[in-house]
Amino acid sequence: MKNYRYQVGGTLNNDAPSYVERQADVELYNALKQGEFCYVLSCRQMGKSSLLVKTKHHLQQEGFRCATIDMTNIGCENISVEQWYKGVVGDLWLGFKLLGKVNLKAWWQEQSDISLLQKLSRFISEILLIHYPNERLFIFIDEIDSIKSLGFSVDDFFSLIRFCYNQRAIAPEYNRITFAIFGVATPRDLIRYQNHTTPFNIGKAIEISGFNFEEAQPLAHGLEINGINPQRVLKEVLAWTEGQPFLTQKLCRLLVSLAEDDVGKKLKVLPGTETFWIENVVRSQIINKWESQDEPEHLRTIRDRILRNEQYTGRLLGIYQQILQGLEIPVDDSQEQVELVLSGLVCRKQGFIKVKNLIYQEVFNLEWVENQLAYLRPYSQTFNAWIASKQEDKSRLLRGQALIDAQTWAHGKSLSNLDYRFLAASEELDRKEVQQALEAERAKEVEARLQEQQKRQAQQRKASRVVKLLLLGMTIKFVISVAWGVSLLRKIEVLESQLNYTQIKHQNKVGNRDKRAGEQGSRERLITTDN
């Protein structure tokens, strides 16, 4: 079809022929009409801003007043809290066409004695609701995820949204104001302090998904070229893209462009060969050398979001690797799963996490994952060898300083289950080897001590023998000395006895001689007397 234009990237106009209305369009429109607070939070390039524009146009066509606050227009760097709130009020002032009706600068200065949140609250209650007393007001807030880069918390902003809904029970005029939020985030990401009041538990989440075949019928109109069967081509396109808006628009435009160029006009696509033709285009124009062909940027955006935070990259890649290997990963809304979903690479499907489409699976394949993990891991070679051995080759596990380095690198990061298993096995092996080394060291120490003790005992025995010999010698010497002494004493006693005997004998002789001499003298005296 001539003058039919596929738009790759950016926001589609409300009258764009290639706009595809999905279930999300119906749900969002009906919920807003009922006055519900709605939020459309999903990955990039899923058509959120186009959905906003289309829904806003639809409501305006019915006579409702609408305004859009684009958070990227307000800014998030080198901006103060006051500038941020004033930017929000300014967007509302312009969006609801109050220029010339309200002097915003003067009004803002008049409110100098109240908080910034109160200024915004009063602008809603005293300006918007008063200037449009009988009209419904819809406030669309786009690119809400940019607030995550602010250097301050704007949790109070979300509290104000909740306040507006709670006020409906007290002040009925608040029933006339309705909010809708769009962005790449989760409610948990947007509220910085989790104990803060949040509007998300009273709002309605609008799920936005890829086009199905019936929804994508408007795209078939542009494929009516060069005798091509548009329905069959559209079906094959969706088989590759699963209705991902950016990729679907891009592939359709590529097919039309190739079919209309000089070569394409000469080469007709025969019936039944559409599958081969489209696969060839996908592989040559999108998948092969994708980093250089990714214009406007899409695949690189996914890659960069996955690799941007080294703290979680290993874990994200680990989960995604398991999905590619055919493992069923149940949805658990963990931080890692949420980040994978927000990257756009995977989606929630029937309670499990699945790769979103075949193009992503071909681009971000197992080889790509392993290369990224190898680049991240300081132990990639040993890890891969361990995996190749079916986790049985213990020689591939880390030990000593290599293990310490790996644990230091892993600290604070969220890794894959296999990484944790590898590090745990390495730690266990290292612990056992250290324990064995300590036990061997202790055994050597005990053996050395035993040998020393035996040596000491041998020396003691030797010394004991010497002492015994000395004692024996001394004993013998003592005995000899005693025997000699006794013999000497006996000799002395004999000599003394002989001496005594000699003395007595001598004395006896002397006594006898004296006696005889006395007797002689007595006789001589007697003789003399006689005479």
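Position 1 is the first residue of the sequence; numbering continues from there. A quick note: this is a predicted structure, and the numbers were derived from the prediction, not measured.
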* To do: Give, for atom CZ of Arg303 and atom CZ of Arg308, the distance between the pair rounded to the nearest 0.5 Å.
  => 14.0 Å
* To the nearest 0.5 Å, how far apart are CD in Gln335 and CD in Gln311? -> 8.0 Å
Answer yes or no: is there a side-chain heavy-atom contact under 4.5 Å between [X] and [Y]?
X      : Y      : result
Gln244 : Ile359 : no
Asp189 : Leu41  : no
Phe123 : Val88  : no
Lys119 : Val89  : no

* To do: Check the pair Gln34 / Lys204 against side chain to side chain contact (heavy atoms under 4.5 Å, CB included), numbers first and verdict last.
  => CA-CA 11 Å; Gln34 293 170 11; Lys204 179 178 179 61; over 6 Å; no
If you look at every heavy atom in [X] and [Y], which pair is closest and at what distance?
X      : Y      : answer
Trp386 : Asp393 : CD1-O, 3.5 Å
Ser146 : Met71  : OG-CB, 3.0 Å
Ile161 : Ile141 : CD1-CD1, 4.2 Å
Leu12  : Val53  : O-CG1, 4.0 Å
Ser343 : Arg305 : CA-CD, 3.6 Å
Pro245 : Gly47  : CG-N, 4.4 Å

Parallel, tilted or perpendicular, as decided by the 30° and 60° cut-offs, for the rings of [Y] and [X]:
X      : Y      : answer
His298 : Phe246 : parallel
Tyr29  : His58  : parallel
Phe163 : Tyr174 : perpendicular

* Centroid-centroid under 6.0 Å between Trp290 and Phe364 rings -> yes
Looking at [Y], is its backbone amide N or carbonyl O close enough to the side chain of [X] to form a donor-acceptor pair, meaning the two atoms are under 3.5 Å apart?
X      : Y      : result
Gln293 : Asn288 : yes
Gln321 : Leu373 : no
Thr178 : Glu36  : no
Arg22  : Glu215 : no
Asp294 : Arg300 : yes

Should the heavy atoms of other residues, nucleotides or ligands under 6.0 Å from [atom1] of [X] be counted, would the total exceed 12?
X      : atom1 : result
Asp15  : CG    : yes
Gln401 : CD    : yes
Arg396 : CZ    : no
Glu367 : CD    : no
Lys349 : NZ    : no
Phe213 : CZ    : yes

* Looking at Tyr19, does the NZ or CZ of Lys54 lie under 6.0 angstrom from its six-membered ring centre and within 45 degrees of the ring axis? -> yes
* Structure fact -> Given the options Thr248, Leu247, Leu219, Leu238 meets side chain to side chain contact (heavy atoms under 4.5 Å, CB included) only with Thr248
* To do: Just do the side chain to side chain contact (heavy atoms under 4.5 Å, CB included) check on Leu397 and Thr382 with the steps written out, would you?
  => CA-CA 7 Å; Leu397 297 173; Thr382 53; over 6 Å; no
Quick one: do [X] and [Y] make a salt bridge, cutoff under 4.0 Å?
X      : Y      : value
Arg283 : Glu362 : yes
Glu339 : Arg315 : no
Glu295 : Lys250 : no
Arg232 : Glu274 : yes

* Taking atom types as modelled, find out whether Gln249 and Arg253 have a side-chain donor-acceptor pair closer than 3.5 angstrom. => no
* Run the side-chain hydrogen bond (donor to acceptor under 3.5 Å, both in side chains) check on Thr68 and Asp142 step by step: do they pass? -> CA-CA 7 Å; Thr68 301; Asp142 200 12; over 6 Å; no
* CA sep, side-chain torsions, deciding dist, call: Val26, Glu21, side chain to side chain contact (heavy atoms under 4.5 Å, CB included) -> CA-CA 8 Å; Val26 178; Glu21 186 172 305; 4.1 Å; yes
* Asked: For Val346 and Ile319, what are the C-alpha separation, side-chain angles and deciding distance, and is it a side chain to side chain contact (heavy atoms under 4.5 Å, CB included)?
  -> CA-CA 11 Å; Val346 301; Ile319 295 172; over 6 Å; no
